[in-house]
Amino acid sequence: MAKISRRSLLKLALGGAAALPFARFGGSRASAADPGAPRRLILWPSLNGAAPEYFWPSAAGATSLITQPLAAYASKMTFLKGVNIEGSYNHFAVRSMFTGAAIPDYLSPDPTVKSVDQVVADAFETAAPSAMRSLHLGAIPADSIEFYQLYGRSTFFFNPTPVHYEANPVTAFDTIFGGLGQSGGEAPVDHRGDIVSITRAELDELEARVAASPREARKLADHTTALDAVAGGDAPVPGTCDATTMQSVEKLRARLQGNARAAYDYSLFSDIFDAQIDVIARAVTCGLTRVATLQAGSADGNVIVPVDGGYPHHNTSHGDAMTFARVQQWYAGKLARLLQQLDVPDPLDTSGRTVLDNSCVVWLSECQPQSHGSESVPAFFVGGAAGALKTGQLLDLGGASNKALLKTLCSAMGVSDAASAHFGNDVISEVLL
Amino acid sequence: VKRLALMAALFSSACVGQILGDGAGDDDGGGPDDGPRNLCDGAEADVAGPRLLRRLTSPELTASIRYAFGLSAAEWAGPAVPADPASADGFTNNVDRLVVDESYARGLYATATGVADAVVSAAVLPRVLPCSGAGGADCARTFLDTAGRRLYRRPLTDAEIARYLELHDRVAPAEGFA
């Protein structure tokens, strides 16, 4: 893929719980976060859960077998026992976990609300826009590119239609960073407004022709909304972002450049995962974007996880709990790679906090590996969201809804109650400062 | 100007796709429906299908651009749009799923920019538009009658032509033709 210009970067698409004690889940409240700090949200879905005995630590500040690779960050983590995925269970709960929407079975339609990443991205866009509204990457986010089209993109993130994940790290890097640092020549004039204006005029003409069809009229309405987003333009790329090549990406270039299908080669899973982590880390750290998600594997997928001789992810979750715990430990090792890169002074914050301190990185599962129940799913977050969230805790929330967790994240990120209304009113007050 | 008109034309026509049917049918405005629209069970009179907006699939978009401008793979690598979503049975050409959301619109805008860069290159533009060396309003109209017709799969309407020529007339004095 040819490198794109700096201007092209700016055009990037980046396209039943139990009742809860009042003491624990009050209404939303003002956040204690530093309002001027550049907060970030990163969502890390952990698929198929984990056996409790291998996931939960014995005490606050400790780690478990699965989370042992994260030991260096234990003081910045809060474990959340007792979070239930409300209105759903089994693997199809992936569509509920970050949206709060009820998905009672596989055949249920997709949520019609935005997932928390998109809600937060909206708020950031209004308050302090980033060059890239949000970034969504995948590491083999489906068993094949055909499965990605069929299932993968309706897995986690909605706006409210499924959000696209870029599964090819070479494409991701080139699209995001390829044009940075290029200079010379006169800066071109931005004709986005003219182009959007012409397109809007054509949509207006079409609207009259399909007025009798609600279905088609809705397509046009969605199209117009999307056009509005393009018309809005993007914020400048921060000077802290650079286009230095990444070893992890260059390692894959010969195999993946211009080859979307090759990004679903199981033998490359670990390398793709590393490269996507590195791309996200740089984009988030330099402030190019402040909302990112990374889906590694898929809920019903059998990408081979390179532990021992290799285990198929989903099938292994149905087998020996210790073996699957070691598989999940491998993913925790990948998360450590991300945290290490975020644990650096924040170039956008003069207070001396690290990017990780200003972030909230959320690990959340859709269900348990054997029972497929979605009660007390594995959950923790890392980072205090610029002082909004209390870390270093091991909490037992006794049946909190994932909607309370989503509402809490919104509160920590400065999202208004109105904008996060579909997550309800409860928050996890123990973690809000 | 040529680059600008090209971007606008590409962004517009590729977004919009085609309208099919005569509009006589109806629908409920609900979500994607993967089932047939007319069951043809013999118990009811034939009903004309509803008028449909149909966005091009990614392969169709790619083929359309290559045909419209004669671009080789070396000259243009391909669109930067997300993969087309599939229906429950795996087909990726379901009209109700081929929508333009924000991610797709941004990708399409980036695609339009990339195609414009390719077409106005010194190696391609004289081939696509031999009059480009001279430029001017007549040449701009020629472009709309040739490349525009291929992109829209029909002659442009007077209103469409007027919009593009207005853009040309407004921008050309400052930016030149190509």
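Here is how names work: the chains are called A, B, and so on, in the same order as the sequence lines, proteins then strands, and each is numbered from 1.
Annotation for A:Asp105: atom CG counts as buried by contact number, over 12 foreign heavy atoms lying within 6.0 Å. More than 12 heavy atoms of other shown residues, nucleotides or ligands fall within 6.0 angstrom of atom CZ in B:Arg127. Counting non-hydrogen atoms of neighbouring residues, nucleotides and ligands closer than 6.0 angstrom, the OH atom of A:Tyr106 exceeds 12 such neighbours. Atom CZ of B:Arg66 has more than 12 heavy atoms from other residues, nucleotides or ligands within 6.0 Å.
With a threshold of 4.5 angstrom between heavy atoms, A:Glu205 approaches chain B through side-chain atoms but not through N, CA, C or O. In this structure, chain A has no heavy atom under 4.5 Å from any part of B:Glu166.
Looking at every heavy atom in both residues, B:Leu53 comes nearest to A:Lys219 through O-NZ, 2.8 Å. Considering every non-hydrogen atom in both A:His164 and B:Ala83, the closest pair reads CE1-N, 4.0 Å.
Atom-to-atom distance recorded for A:Asn159:CG and B:Asp101:CG is 7.5 Å, nearest 0.5 angstrom. Taking CZ of B:Arg163 as the start and CD of A:Glu202 as the end, the distance is 5.5 Å to the nearest 0.5 Å.
Counting heavy atoms from C-beta outward, B:Val99 and A:His223 have side chains that stay 4.5 Å or more apart.
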